[in-house]
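First up is the structure itself, then whatever we jot down about it.
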Amino acid sequence: MAIYIRVKRHKTTYFIQCDPTESTLDIKQKLQELVDQPTNNQRLTLVSTNEILDDSKTLAEQKVENDSIVALTLKKDDNEFEEVYIARVEDFTSFS
């Protein structure tokens, strides 16, 4: 059964079609072409629980369900991962 997850980073959202039996690494491989970053430079965090997803575990094992929001962070030059940042609509719309 196919599900969709929303992978967000800054102002960008990627809608990824996947299967609950796929691993986190499988999702990173799908993202690799979209973000032009190798899988080892990506970290995925389930927003609802703030848990970092384990590459070797399946989405189902980590309670990632249809329409889940997953934050993508990338490794910086100092080899540390950036902080999770997902822009909210209010951050870039004005009501003037």
Side-chain angles (χ1 to χ4, degrees):
M1 174 186 81
I3 64 171
Y4 287 89
I5 59 172
R6 291 182 279 168
V7 179
K8 296 185 171 220
R9 178 173 181 263
H10 299 267
K11 294 181 180 179
T12 305
T13 301
Y14 303 97
F15 291 88
I16 306 294
Q17 181 180 354
C18 49
D19 191 275
T21 59
E22 289 185 81
S23 70
T24 300
L25 184 58
D26 294 331
I27 304 308
K28 287 181 175 183
Q29 288 168 339
K30 291 180 182 186
L31 287 166
Q32 183 171 331
E33 292 182 32
L34 296 171
V35 299
D36 198 28
Q37 289 288 327
T39 57
N40 62 326
N41 282 1
Q42 302 174 38
R43 181 162 63 188
L44 298 176
T45 305
L46 184 59
V47 172
S48 62
T49 62
N50 211 29
E51 294 289 324
I52 295 170
L53 300 180
D54 185 321
D55 283 357
S56 63
K57 291 185 179 178
T58 68
L59 298 177
E61 289 173 321
Q62 299 177 93
K63 309 279 190 278
V64 178
E65 299 170 342
N66 190 48
D67 208 31
S68 288
I69 299 173
V70 176
L72 168 66
T73 53
L74 301 176
K75 199 174 280 189
K76 300 183 294 184
D77 292 337
D78 62 4
N79 231 20
E80 295 293 318
F81 281 96
E82 62 193 11
E83 294 293 316
V84 171
Y85 173 70
I86 299 172
R88 300 174 317 211
V89 174
E90 306 85 61
D91 294 339
F92 53 94
T93 56
S94 63
F95 299 99
S96 47

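Values in this document were obtained by computation on a predicted structure and should not be read as measured data.
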Can you name the nearest heavy-atom pair linking Ile16 to Leu34, along with the distance?
CD1-CD1, 3.9 Å

Could you give the distance from OH (Tyr85) to NZ (Lys8), rounded to the nearest 0.5 Å?
11.5 Å

Drop me the distance from Thr58's OG1 to Asp19's CG, to the nearest 0.5 angstrom.
9.5 Å

Given the rule that I, L, V, M, F, W and Y join up when any side-chain heavy atoms are under 4.5 Å apart, are Leu53 and Val35 in one cluster?
yes

Out of curiosity, Arg9 CZ to Tyr14 OH, how far, rounded to the nearest 0.5 Å?
7.5 Å

Applying side-chain contact (heavy atoms from CB on, under 4.5 Å), can you list everything that pairs with Thr49, at least two apart in sequence or on another chain?
Leu46, Glu51

Report the residues that fulfil side-chain contact (heavy atoms from CB on, under 4.5 Å) with Ser23, sequence neighbours left out, ordered by chain and then residue number.
Leu25, Asp26

Residue pairs fulfilling side-chain hydrogen bond (donor to acceptor under 3.5 Å, both in side chains) with at least one residue in residues 28-39, sequence neighbours excluded:
Glu22-Lys30, Lys28-Asp55, Gln37-Asn41

Checking side chain to side chain donor-acceptor pair (under 3.5 Å) against Thr24, which of Lys57, Glu61, Gln62 comes through?
Gln62

Among Asp54, Leu31, Leu59, Ile52, find the residue that satisfies the side chain to side chain contact (heavy atoms under 4.5 Å, CB included) test when tested with Leu44.
Leu31

With rounding to the nearest 0.5 Å, note down the distance linking CD1 in Ile5 to CD in Gln17.
11.0 Å

Are Met1 and Phe15 linked, directly or through other ILVMFWY residues, by side chains that come within less than 4.5 angstrom of each other?
no

Under 3.5 Å, sequence neighbours excluded: what are the donor-acceptor pairs made by side chains of residues 66-78?
{"residue": "Asn66", "atom": "OD1", "partner": "Tyr4", "partner atom": "N", "Å": "2.9"}
{"residue": "Asp67", "atom": "OD1", "partner": "Arg6", "partner atom": "NE", "Å": "3.1"}
{"residue": "Asp67", "atom": "OD2", "partner": "Arg6", "partner atom": "NH2", "Å": "3.4"}
{"residue": "Ser68", "atom": "OG", "partner": "Glu65", "partner atom": "N", "Å": "2.9"}
{"residue": "Ser68", "atom": "OG", "partner": "Glu65", "partner atom": "O", "Å": "2.8"}
{"residue": "Thr73", "atom": "OG1", "partner": "Arg43", "partner atom": "O", "Å": "3.4"}
{"residue": "Lys75", "atom": "NZ", "partner": "Asn40", "partner atom": "O", "Å": "3.4"}
{"residue": "Asp78", "atom": "OD1", "partner": "Glu80", "partner atom": "N", "Å": "3.0"}

